[in-house]
Amino acid sequence: MSLSTTWRRLPRTLRIVLTRLPMVVPQMLGVIFVTFMLVRMLPGDPALLMLGNMATPESIANLREQLGLDGSLWQQFVHYLGGVLQGDLGVSLFTSNPVAVDLMERAPATLELIFYAMILTILIAVAIAVLAVVRPGGVADYVSRFYGMAAGAIPDFWVGLLLIFFLFSTLGIAAAPFGRIDPMITPPSTVTGFYTFDAIIAGDFAALKSAAGRLLLPVLTLTIVNAGALMKMTKTTFAEIWRADFIRHQRASGLGQRRIVRNALRNSLPPIITLVGFLVGFLLGAAVLVETIFSWGGLGQYAVQAVTYSDYPALQGFVLVAAVFILVVYLVVDILYELADPRIQV
């Protein structure tokens with residue numbers, strides 16, 4: 001049996017994964033190198049920041065040697081790369097904890113926020129886009145036009161502050177924008193790291209109510225800012241499919257409206273999947289400001305602290321984890337895209 005025949009007999013999903021994986025390694029090496037060099041260009045000396053302005057040159061030199069900052073850039077990079085390959089991302093200069101431990105503790109907070117924001121974004125954007133195309137001139141059509149024009153000009157921090165003012169300060173219908181759970185409630189035992197999931201697993205409905213309430217404002221902030229782009233893309237793509245000959249044929253054949261909409265939406269999936277993958281990666285960056293506003297305690301807030309204190313290991317670790325996350329998301333997008341479009345041959 002030839003190699004090509006064996007390859008063709010593999011499941012299509014496995015062939016897609018095996019095709020994409022070899023490209024991940026050079027991408028990661030490039031990300032590590034660029035991140036390392038850019039972080040080293042940040043102003044400020046970590047040793048001086050840690051010891052204060054009254055530190056002597058000798059104490060600063062000793063601390064720089066302890067931190068591994070006394071060698072050349074290439075020596076520092078080789079040392080850092082060796083640590084990364086062993087799972088050692090260094091020690092945070094601000095928290096004095098291993099960076100890997102800090103990231104593992106904070107990652108679930110950010111991932112939970114992104115998870116719910118992405119679900120709500122997809123539901124709202126797709127629903128408005130489909131209704132606007134199926135019922136032109138209706139309420140959804142006018143909402144999509146207005147929202148589509150305004151969405152790109154809305155900054156996330158401004159939306160977050162407005163939601164805090166109206167829903168929390170004025171109306172009092174939202175939970176306080178401080179942290180992931182009420183300070184008076186004990187967080188559920190960690191299983192997934194998502195407070196809502198862990199509270200359900202533990203049967204702790206008080207923690208579930210508090211965690212869900214604290215998610216409301218930041219999730220709405222991210223959804224309002226990002227749903228517009230997905231809605232416009234979905235509306236444009238779905239409208240082209242809705243006017244296609246095969247849809248008109250299905251309508252003329254007496255097929256039910258719901259079935260026709262489902263068929264048209266299925267054929268619109270490839271570009272929608274691509275944009276959803278892009279938005280997931282974008283949400284990780286958008287979470288930096290949103291987490292700061294809502295004191296969320298996730299990766300975004302950790303990155304802000306790392307920049308403020310010139311915490312090289314923490315900042316490099318955050319960027320590395322973010323790059324891995326985005327590469328995994330894009331790998332999943334490639335798989336879903338090619339599964340949604342059988343015309344693509346792998």
Side-chain angles (χ1 to χ4, degrees), residues 105-125 127-128 139 143-144 146-188 190 192-231 279-280 282-308 318:
E105 290 177 351
R106 293 170 177 266
T110 300
L111 294 178
E112 185 177 31
L113 183 60
I114 292 175
F115 175 75
Y116 286 111
M118 202 66 247
I119 289 178
L120 189 59
T121 297
I122 293 172
L123 290 177
I124 291 177
I128 293 177
V139 175
V143 169
S144 67
F146 174 77
Y147 183 39
M149 290 187 295
I154 303 176
D156 45 11
F157 68 89
W158 183 73
V159 173
L161 293 175
L162 283 181
L163 290 177
I164 292 173
F165 176 74
F166 286 111
L167 299 184
F168 171 68
S169 300
T170 304
L171 301 178
I173 60 176
F178 309 113
R180 301 176 64 193
I181 198 168
D182 193 294
M184 303 302 294
I185 296 178
T186 303
T190 301
T192 65
F194 287 27
Y195 279 1
T196 49
F197 289 3
D198 292 346
I200 293 174
I201 294 172
D204 189 346
F205 295 103
L208 174 62
K209 180 180 178 181
S210 177
R214 294 299 179 98
L215 276 166
L216 176 63
L217 292 181
V219 166
L220 278 179
T221 299
L222 291 174
T223 299
I224 290 172
V225 173
N226 294 285
L230 182 59
M231 182 205 64
L279 285 178
V280 171
F282 181 78
L283 284 177
L284 186 61
V288 172
L289 279 177
V290 173
E291 287 185 10
T292 302
I293 293 172
F294 293 98
S295 302
W296 195 249
L299 293 176
Q301 202 169 4
Y302 186 68
V304 172
Q305 292 175 350
V307 173
T308 302
F318 166 77

[atom2] on [Y] to [atom1] on [X], rounded to 0.5 Å:
X    : Y    : atom1 : atom2 : result
L111 : L283 : CG    : CG    : 11.5 Å
M231 : I124 : CE    : CD1   : 11.0 Å
L171 : F166 : CG    : CZ    : 8.5 Å
E105 : L299 : CD    : CG    : 11.5 Å

Output all residues satisfying side chain to side chain contact (heavy atoms under 4.5 Å, CB included) with [X], sequence neighbours left out; order by chain, then residue number.
X    : result
V304 : V288, T292, T308
L216 : A174, L220
L289 : D156, F157

Please report the shortest heavy-atom distance between [X] and [Y], naming the atom on each side.
X    : Y    : result
A175 : F168 : O-CD1, 3.7 Å
A211 : Y195 : CB-CB, 3.7 Å
N226 : L279 : O-CD1, 3.9 Å
V290 : P218 : CG1-CB, 3.9 Å
I181 : P188 : CD1-CD, 4.3 Å
I185 : S210 : CD1-CB, 3.6 Å

Would you indicate whether F282, at its atom CZ, is surrounded by more than 12 heavy atoms from other residues, nucleotides or ligands within a distance under 6.0 Å?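 Count not over threshold, so no.
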Answer yes or no: is there a donor N or O on one side and an acceptor on the other, between the side chain of T223 and the main chain of L120, under 3.5 Å?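 Side chain of T223 to backbone of L120: no pair is present.
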Test item: T221 side-chain N/O and L217 main-chain N/O as donor-acceptor pair under 3.5 Å: yes
Tell me the side chain to side chain donor-acceptor pair (under 3.5 Å) pairs involving residues 294-304, sequence neighbours left out?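 Non-adjacent pairs meeting side chain to side chain donor-acceptor pair (under 3.5 Å): D102-Y302.
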Not counting sequence neighbours, list each pair that qualifies as a side chain to side chain donor-acceptor pair (under 3.5 Å) and has a residue in residues 196-205.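 Qualifying pairs, neighbours excluded: E112-T196, Y116-T196, T192-D198.
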Check whether any side-chain heavy atom of [X] sits under 4.5 Å from a side-chain heavy atom of [Y], and report yes or no.
X    : Y    : result
I224 : L163 : yes
L222 : T121 : no
I293 : I164 : yes

Taking side-chain hydrogen bond (donor to acceptor under 3.5 Å, both in side chains) as the definition, give me every residue that meets it alongside S144, ordered by chain and number, with sequence neighbours left out. K235
side-chain hydrogen bond (donor to acceptor under 3.5 Å, both in side chains) involving R106 - partner list, sequence neighbours excluded: none
If you apply the rule side chain to side chain contact (heavy atoms under 4.5 Å, CB included), what do you find for R214 with D182, and how did you get there? CA-CA 8 Å; R214 294 299 179 98; D182 193 294; 4.0 Å; yes
Would you list the pairs meeting salt bridge (Lys or Arg N to Asp or Glu O under 4.0 Å) in which at least one residue belongs to [range], sequence neighbours left out?
range            : result
residues 163-177 : none
residues 157-170 : none
residues 294-303 : none
residues 284-300 : none

ring-ring contact (aromatic ring centres under 6.0 Å, His included) involving F197 - partner list, sequence neighbours excluded: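 With sequence neighbours excluded, F197 shows a ring-ring contact (aromatic ring centres under 6.0 Å, His included) to F115, F194, given in chain and number order.
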